[in-house]
Amino acid sequence: MKGLKKLLGLILAAMMTMSLVGCSSGSDNKEASGDKLQQIKDAGVLKVGTSAEYAPYEFHKKVDGEDKIVGFDATVAEEIAKDLGVKVEYTDMDFDGLLGALEAEKVDVVLACMTPNEERKKSVDFSELLYEDSNVCVVKKGKEDLVKSADDLKNLKVGIQSGTTQADYVTNVLGITGAKQLKRVPDLMLELQNGNIDVIVTGKNVAEINIGQYDGLSIGNTTVGKEVAESTAAAVKKSSDKVDNASFIKSINTTIKRLKDENKMDGFMQEALKLAE
Ligand code: ARG
């Protein structure tokens, strides 16, 4: 009888513990189905996904002897974090892995000169535009007239960065199947220098920085690429029944509005261009 009482007591205690655990995991669930903005504030960290090989937007630079991710988008990331009262933590990866990282919630936001387009809008939400640029063709010095029309690209060895809007333009819009796709823009520049490709379609600011760093390269005398948007916006995972991202996007847009009202964006770009030189 004593043994039975003890057993009942134990079962009761176990049930109470379980219900307590149940309660706390219940509130965890509630938090999981909570507000992304609050979660970031609670964590004290804004997890930013980027691909830091795209100067002047995002690139590595030694600052006071320390390797840092800097550039236009990085400055904006700092401003967003400042307004939230949190610090920035970067995950640097290949550009074509960024949307997957958002989906898997490895990062809270992507700031990587990612241009909003219809395809991407199916899977992520974009903030207001941060900055607008255009695309150009990078060629070897002396070959500035190599590309006169988009059709010319079909007979040339074209280099593009995987997963980008430039890659989409070359492969899907122009239907070029043999283009060389690499993960990093600097590697494309080396391929062009070495004569393994004839032309790279990339952003104008990015092209200008890179031709200053890779000898023998130049921007082509053509408007080819101009029709493809090259703008940057912050990308955030779409809200789900688990996480509500609406207030997070709203707060990013509030920071962007503040920066635009203060006329900061051009200055950020000038600073980034100087840092990248
Ligand atoms: N704007 C282009 C796109 O959205 C290229 C971006 C590449 N960004 C980078 N960090 N490498 O696809």
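Atoms within each ligand, like the ligands themselves, are counted from 1 in listed order.
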For this session: Report yes if C113 has an N/O atom closer than 3.5 Å to an N/O atom of ligand 1; otherwise report no.
Result: yes
For this session: Would you check, one step at a time, whether the test salt bridge (charged side-chain N to carboxylate O under 4.0 Å, His left out) holds for D151 with K154?
Result: CA-CA 6 Å; D151 260 355; K154 296 180 180 161; 3.0 Å; yes
For this session: Report yes or no: do L99 and V109 belong to one cluster of Ile/Leu/Val/Met/Phe/Trp/Tyr joined by side chain heavy-atom distances under 4.5 Å?
Result: no
Exercise. Of all the non-hydrogen atoms in the protein, which one sits nearest to atom 8 (N) of ligand 1, and at what distance?
Worked result: A112 O, 2.9 Å
For this session: Name the closest protein heavy atom to atom 3 (C) of ligand 1, giving the residue it belongs to and the distance to 0.1 Å.
Result: T165 OG1, 3.2 Å
Problem set entry | Check: D244 side chain, D35 main-chain N or O, donor-acceptor pair, under 3.5 Å | no
Problem set entry | Q270 side chain to D266 side chain, donor-acceptor N/O pair below 3.5 angstrom | no
Problem set entry | Y57 heavy atom under 4.0 Å from ligand 1 | no
Problem set entry | Short N or O distance, T164 and ligand 1, threshold 3.5 Å exclusive | no
For this session: Check R120 against ligand 1 and report side chain, backbone, both or neither, counting heavy atoms closer than 4.0 Å.
Result: side chain
For this session: Taking atom types as modelled, find out whether T232 and D73 have a side-chain donor-acceptor pair closer than 3.5 angstrom.
Result: yes
Problem set entry | Close-contact set for ligand 1 against Q161 heavy atoms, below 4.0 Å | 7 (C), 11 (N)
Exercise. Counting both backbone and side chain atoms, is some N or O of E230 under 3.5 Å from an N or O of ligand 1?
Worked result: yes
Exercise. Going by distance alone, is a donor N or O of one side chain under 3.5 Å from an acceptor N or O of the other, for T255 and E79?
Worked result: no
For this session: Kindly confirm or rule out an N or O of Y54 lying under 3.5 angstrom from an N or O of ligand 1.
Result: no
Exercise. Does at least one non-hydrogen atom of R184 fall below 4.0 angstrom from an atom of ligand 1?
Worked result: no
For this session: Specify the protein heavy atom at minimum distance from atom 11 (N) of ligand 1: its residue, its atom name, and the distance to 0.1 Å.
Result: E53 OE2, 2.7 Å
Exercise. Rounded to the nearest 0.5 Å, how far apart are CG of D145 and CG of N221?
Worked result: 5.0 Å
For this session: Number the atoms of ligand 1 from 1 as they appear, then name those within less than 4.0 Å of a heavy atom of M114, with their elements.
Result: 4 (O)
Exercise. Are a donor atom and an acceptor atom from the side chains of Y57 and D133 found within less than 3.5 Å of each other?
Worked result: yes
